[in-house]
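Working notes for the structure below.
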Amino acid sequence: MAERDQEWQGLCCRAAKKRLPVLRWLPKYSLQWLQLDFVAGLTVGLTVVPQALAYAAVAGLPVQYGLYSSFMGCFVYCFLGTSKDVTLGPTAIMSLLVSSYAFHDPTYAILLAFLSGCIQLAMGLLHLGFLLDFISYPVIKGFTSAAAVTIGFNQVKTLLGLQNIPRQFVLQVYYTFRRIGETRIWDAILGVFCLIFLVGLQQMKKGIPRIHQMERLYVRASHLIVWTATTARNALVVLFAGLVAYSFQVTGFQPFTLTGATPQGLPPFQPPMFSKVTPNGTISFQEMVQAMGAGLAVVPLMGLLETVAIAKAFASQHNYQIDPNQELLAMGFTNLLGSFVLSYPVTGSFGRTALNAQTGLDLVPLCVTFLLCFWEVQYGIIAGVLVSGILLLYPLARPQIKVLEHEALFIQPASGLYFPAIEFLRDTVQKQALSEPRLRSVILDCTHVSSIDYTVVLGLSELLHEFQRRRLSLAFVGLQSHVLQVLLAADLEGFYNFPSLKDAEKSIEEELCNASDILFNDGSESILPTSGIIQ
């Protein structure tokens with residue numbers, strides 16, 4: 001009885017550690033890690049504030065919603081996440097998606113976070129993390145590249161101080177250039193100066209040398225100050241620009257376009273609104289869901305892609321494993337609980353290091369995704385996935401087939417035989433062996449055929465029948481045992497398998513000689529082998 005109790009406790013402990021990864025690493029936590037995590041947390045905190053403000057603007061929402069979206073992730077992911085490097089919060093790509101599917105309305109954005117969290121939780125509980133295997137990196141890279149261009153150009157109108165520019169990318173480009181004469185010169189000057197300052201600090205960080213712990217105190221202190229300033233450069237630029245704008249405000253002259261008053265304090269903890277009251281009536285929950293449409297699939301999936309991509313990149317560098325299904329649970333709870341504090345959907349910050357250089361056929365889904373994302377985001381992603389799927393399935397339907405000229409024709413599929421490929425194989429055999437003027441027997445090398453289905457068996461049966469009708473032989477070589485058993489069980493008329501190519505050639509030569517003798521003597525039909533196997 002005691003042993004069963006201990007076994008049960010062990011199972012419960014393992015289950016708890018699987019669902020709460022914090023139980024695995026917290027007992028091993030050290031004070032040295034706390035010091036490093038404090039510096040990292042302070043740096044990330046200084047950086048996320050200006051980023052959250054900017055991302056809210058990209059999402060088309062008031063700036064405070066970027067701040068509301070930036071803090072729930074760190075609490076939830078700490079307990080449920082499987083990567084020690086990922087930070088959840090608003091990102092540029094997710095903000096772009098929210099802009100597309102929430103219609104610049106906070107009510108829609110918060111409801112989208114709630115529904116995305118529910119969908120991600122359901123996917124995690126159903127262990128659907130494997131779906132990521134069907135979205136190739138070229139699709140991700142095409143989308144992120146298009147998103148980078150879209151987001152970057154979206155900031156041009158803000159940099160120039162232009163107002164009321166359409167959201168759609170093509171119209172945005174057109175009206176930005178058409179109304180470039182309306183540029184607010186002071187906004188442009190401040191924006192360009194901030195960009196130069198950011199780039200300069202970024203380059204400075206790359207050039208910071210490493211110092212030894214034995215260096216003098218003032219050297220180490222200077223190094224820390226420079227490193228912190230260059231790492232938190234976004235926060236410094238925002239503070240600098242804010243001080244400049246405040247200085248003009250004090251003098252009574254304000255040449256810059258400001259974000260305006262931002263609500264103070266934490267957001268109220270309350271459930272999202274499942275309907276929306278407008279001057280024209282009440283929009284029901286069902287109508288809101290229908291309006292968001294494809295966003296309910298695209299937003300949860302892209303959120304998972306962003307998180308898992310960066311998590312995998314860091315996991316490979318630091319030699320640990322992540323669990324996509326557990327990541328779904330962590331993101332689901334983050335978005336679900338975040339919607340109660342006025343958050344829009346969040347995800348892990350996406351790292352370019354997660355994308356490998358792709359060549360060859362990968363260029364096609366990349367270009368398709370990249371170009372169509374300028375039309376609509378969901379069209380680009382769906383089209384990229386479809387193209388990747390076609391490129392994945394095409395070799396199955398059109399396998400490479402090796403053909404060698406002998407007395408009998410030698411045909412070897414370079415990959416497995418699946419039902420989409422049987423018609424292609426039949427056409428190849430018909431063209432090579434059964435077309436006039438020369439008809440030839442065929443040796444079909446099935447060394448690479450690891451499995452067959454009912455459609456393939458039917459196709460081979462029809463092919464054997466065609467060879468018998470032409471008084472030719474179709475011999476099989478190299479069949480694996482389980483495939484051979486399937487074909488024998490099908491009892492195909494005229495099926496004959498040989499253990500080696502030499503045996504198959506010898507048998508066909510004998511048949512050709514016998515057929516010639518019989519035809520020369522009395523013109524009767526040639527003798528063909530019946531169904532069987534030679535060992």
Side-chain angles (χ1 to χ4, degrees), residues 46-70 89-100 102-110 147-202 232-265 267 342-344:
L46 289 173
T47 303
V48 78
V49 172
Q51 283 185 340
L53 298 175
Y55 292 152
V58 172
L61 301 174
V63 292
Q64 67 267 24
Y65 287 93
L67 298 175
Y68 297 159
S69 304
S70 61
T91 65
I93 291 177
M94 187 56 67
S95 300
L96 179 66
L97 293 176
V98 171
S99 174
S100 300
F103 320 112
H104 298 185
D105 189 327
T107 304
Y108 279 91
I110 296 167
V149 175
T150 303
I151 294 169
F153 197 86
N154 185 60
Q155 299 305 305
V156 172
K157 62 181 177 61
T158 307
L159 183 70
L160 301 179
L162 300 178
Q163 303 292 329
N164 301 318
I165 299 294
R167 181 182 62 85
Q168 191 174 13
F169 180 76
V170 176
L171 295 178
Q172 190 177 113
V173 173
Y174 172 74
Y175 281 101
T176 298
F177 284 105
R178 182 179 179 181
R179 296 173 52 188
I180 200 168
E182 303 174 18
T183 298
R184 294 174 59 93
I185 189 64
W186 284 99
D187 286 346
I189 291 175
L190 181 61
V192 170
F193 180 81
C194 288
L195 285 176
I196 295 174
F197 194 41
L198 281 171
V199 173
L201 288 176
Q202 184 180 25
R233 55 188 177 274
N234 294 327
L236 292 180
V237 169
V238 171
L239 290 174
F240 168 77
L243 289 174
V244 171
Y246 178 75
S247 301
F248 279 97
Q249 188 76 19
V250 171
T251 62
F253 171 66
Q254 185 54 265
F256 306 114
T257 303
L258 303 180
T259 57
T262 302
Q264 299 180 359
L342 307 183
S343 167
Y344 67 81

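- The CZ atom of F197 lies 6.5 Å from the CG atom of L236; values are rounded to the nearest 0.5 Å.
- Taken from CD in E182 to CG in N164, the straight-line distance is 9.5 Å, to the nearest 0.5 Å.
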Candidate pair L67 and V49, rule side chain to side chain contact (heavy atoms under 4.5 Å, CB included), full reasoning: CA-CA 7 Å; L67 298 175; V49 172; 4.2 Å; yes
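- Using a 4.5 Å heavy-atom threshold, the side chains of S95 and Y344 count as touching.
- For CZ of F253, the number of neighbouring non-hydrogen atoms (other residues, nucleotides, ligands) closer than 6.0 Å is greater than 12.
- The two atoms that bring P106 and L61 nearest to each other are N-CD2, 3.7 Å, heavy atoms only.
- From L159, atom CG reaches atom OG1 of T176 across 11.0 Å, with rounding to the nearest 0.5 Å.
- Taking OG of S99 as the reference point, atom CE of M94 lies at 13.0 Å (rounded to 0.5 Å).
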Audit row: V58, Q155, side chain to side chain contact (heavy atoms under 4.5 Å, CB included) steps and yes/no: CA-CA 8 Å; V58 172; Q155 299 305 305; 3.3 Å; yes
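- Pairing each heavy atom of P90 with each of S70, the nearest pair is CD-CA, 3.7 Å.
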Residue pair L162, Y175: steps toward the side chain to side chain contact (heavy atoms under 4.5 Å, CB included) verdict: CA-CA 10 Å; L162 300 178; Y175 281 101; over 6 Å; no
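- Counting heavy-atom neighbours within 6.0 Å of F103 CZ, excluding the residue itself, gives a total above 12.
- Between F256 and W186, the ring planes are perpendicular. Angles over 60° get that label, and only those under 30° would be called parallel.
- Between Y68 and P62, every side-chain heavy-atom pair lies at or beyond the 4.5 Å cut-off.
- Between the Q51 side chain and the T91 main chain, no donor and acceptor come within less than 3.5 Å of each other.
- With hydrogens and angles ignored, the 3.5 Å screen pairs a side-chain donor or acceptor of R179 with a backbone N or O of Q163.
- Within the model, atoms CG of L190 and CD1 of I185 stand 11.5 Å from one another, a figure rounded to the nearest 0.5 Å.
- For the atom pair F240 CZ and F193 CZ, the distance stands at 4.5 Å (nearest 0.5 Å).
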